[in-house]
Amino acid sequence: MTPTRHTTVDPSLGAFTLRPVDLEHDLRTLHRWLTHPKSAFWEMGSATLADVEREYHAIAADPHRAAYLGLHTADGTEYPAFLTERYDPAHRELVGWYDARPGDVGMHFLVAPTSDPRTGFTRAVITTVMDFLFADASVHRVVVEPDARNHRVRVLNAAVGFEVDRALTLPTKTALLSFCTREQYRAARDWRGTNA
């Protein structure tokens, strides 16, 4: 079972915590992030506040999807910094596009747009997300389908152990179906630990 709250500490950047999205407090933040030009691959650039509210209410009501807000704590200050969604690819997103296995979980993540990027921050975010997903003992493999044009995410995915399986022509994008097993993730983390 996935924990409702998860924290990973990066020695140089601080703590990264995931907790369920709370629309009463997070709606305006999510709307600002999702409609920002840097979030174009989320395809919500023209979404209204009501559109975002509707989408995240639907996710909250869906037994096959969940959304989590990521918080970053540094120098004693905690602030919203990223978003992740998990889904069951046997029931959402990739139904009919590949043969889902028991233990597969799908994932999306978004780092809050910023004008002051920090080295290693996005990698710390995806590491937190992967730690969070694999904290659920039933998860054996993480599945992603990034837009083929999103080169930055492709590099990050590879850094944590994802391998591209094939390109998929989905209704809204050409996606690179990619997988990362628990073992691949551990190997990538071990390699980074000795080659940082």
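Along the sequence shown, residues are numbered consecutively beginning with 1. Since we're looking at a predicted model, the values are computed, not measured.
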*Any idea which heavy atoms bring Gly106 and Pro89 closest together, and the distance?*
N-CD, 3.5 Å

_Carboxylate-amine/guanidinium proximity below 4.0 Å for Arg189 and Asp131_ = yes

*Which atoms form the tightest heavy-atom contact between Asp26 and Pro20, and what is the distance?*
OD2-O, 4.4 Å

*asked:* So, taking the atom named CE in Met130 and the one named OG1 in Thr127, what distance separates them when rounded to the nearest 0.5 Å?
replied: 8.5 Å

*Answer yes or no: is there a side-chain heavy-atom contact under 4.5 Å between Leu156 and Arg123?*
yes

_According to salt bridge (charged side-chain N to carboxylate O under 4.0 Å, His left out), who are the partners of Arg65, at least two apart in sequence or on a separate chain?_
Glu55, Asp62

_On a heavy-atom basis, which atom in Phe134 and which in Arg182 lie closest, and how many Å separate them?_
O-NH1, 2.8 Å

Donor-acceptor pairs under 3.5 angstrom involving side-chain atoms of residues 167-175: please list them, not counting sequence neighbours.
residue : atom : partner : partner atom : Å
Thr172  : OG1  : Glu43   : OE1          : 3.3
Thr172  : OG1  : Glu43   : OE2          : 3.4
Lys173  : NZ   : Glu145  : O            : 2.7
Lys173  : NZ   : Glu145  : OE1          : 2.9

*How long is the gap from CD on Glu85 to CZ on Arg92, to the nearest 0.5 Å?*
13.0 Å

*Hey, could you give me the CZ/OG1 distance between Phe132 and Thr17, rounded to the nearest 0.5 Å?*
11.0 Å

Less than 3.5 Å apart, which donor and acceptor atoms pair up between the side chains of residues 72-82 and the rest of the protein, not counting sequence neighbours?
residue : atom : partner : partner atom : Å
His72   : ND1  : Tyr79   : OH           : 2.7
His72   : NE2  : Leu13   : O            : 2.6

*Nearest heavy-atom pair of Ala188 and Gly161: which atoms, and what distance?*
CB-N, 3.7 Å

_From CD (Glu53) to CZ (Arg28), nearest 0.5 Å_ = 9.5 Å

_With a 3.5 Å distance limit and no angle check, can you tell me whether His31 reaches the backbone of Ala47 through a side-chain donor-acceptor pair?_
yes

*Tell me, do Arg86 and Val139 make a side-chain contact under 4.5 Å, heavy atoms counted?*
yes

*Okay, side chain of Arg154, backbone of Ala148: is any donor-acceptor separation there less than 3.5 Å?*
yes

_Minimal non-hydrogen separation, Val129 against Phe109, with atom names_ = CG2-CB, 4.4 Å

_Is any side-chain heavy atom of Ile126 closer than 4.5 Å to one of Asn157?_
yes

*asked:* Determine whether a donor-acceptor pair (N or O, by modelled atom type, separation under 3.5 Å) exists between the side chain of Thr84 and the backbone of His108.
replied: yes

*Derivation of the side chain to side chain contact (heavy atoms under 4.5 Å, CB included) call for Arg101 and Arg141*: CA-CA 9 Å; Arg101 299 178 186 170; Arg141 187 170 69 160; 3.3 Å; yes

*asked:* So if I apply the side-chain contact (heavy atoms from CB on, under 4.5 Å) rule between Leu18 and each of Thr8, Thr128, Thr7, which one comes out positive?
replied: Thr128

*Out of curiosity, Met107 CE to Ser178 OG, how far, rounded to the nearest 0.5 Å?*
10.0 Å

*Rounded to the nearest 0.5 Å, how far does CG of Asp88 lie from CD of Glu93?*
11.0 Å

*Qualifying ring-ring contact (aromatic ring centres under 6.0 Å, His included) pairs, either residue in residues 141-184, two or more places apart*: Tyr98-Phe179

_Side-chain hydrophobic cluster, 4.5 Å single linkage: members besides Tyr56_ = Val21, Leu23, Leu27, Leu30, Trp33, Leu34, Trp42, Met44, Leu49, Val52, Ile59, Leu69, Leu71, Leu83, Leu110

*Who else is in the cluster with Val164 when I, L, V, M, F, W and Y are joined by side-chain contacts under 4.5 Å?*
Leu176

*Report yes if the side chains of Tyr87 and Leu94 come closer than 4.5 Å at any heavy-atom pair, otherwise no.*
yes

*Please name the pair of heavy atoms, one in Ala124 and one in Asp10, separated by the smallest distance, quoted to 0.1 Å.*
CB-OD2, 4.0 Å

*Please answer whether the main-chain N or O of Asp147 pairs with a side-chain N or O of Asn150 as donor and acceptor at a distance below 3.5 Å.*
no

_Centre-to-centre under 6.0 Å for Phe16 and Phe121, is that the case here?_
yes

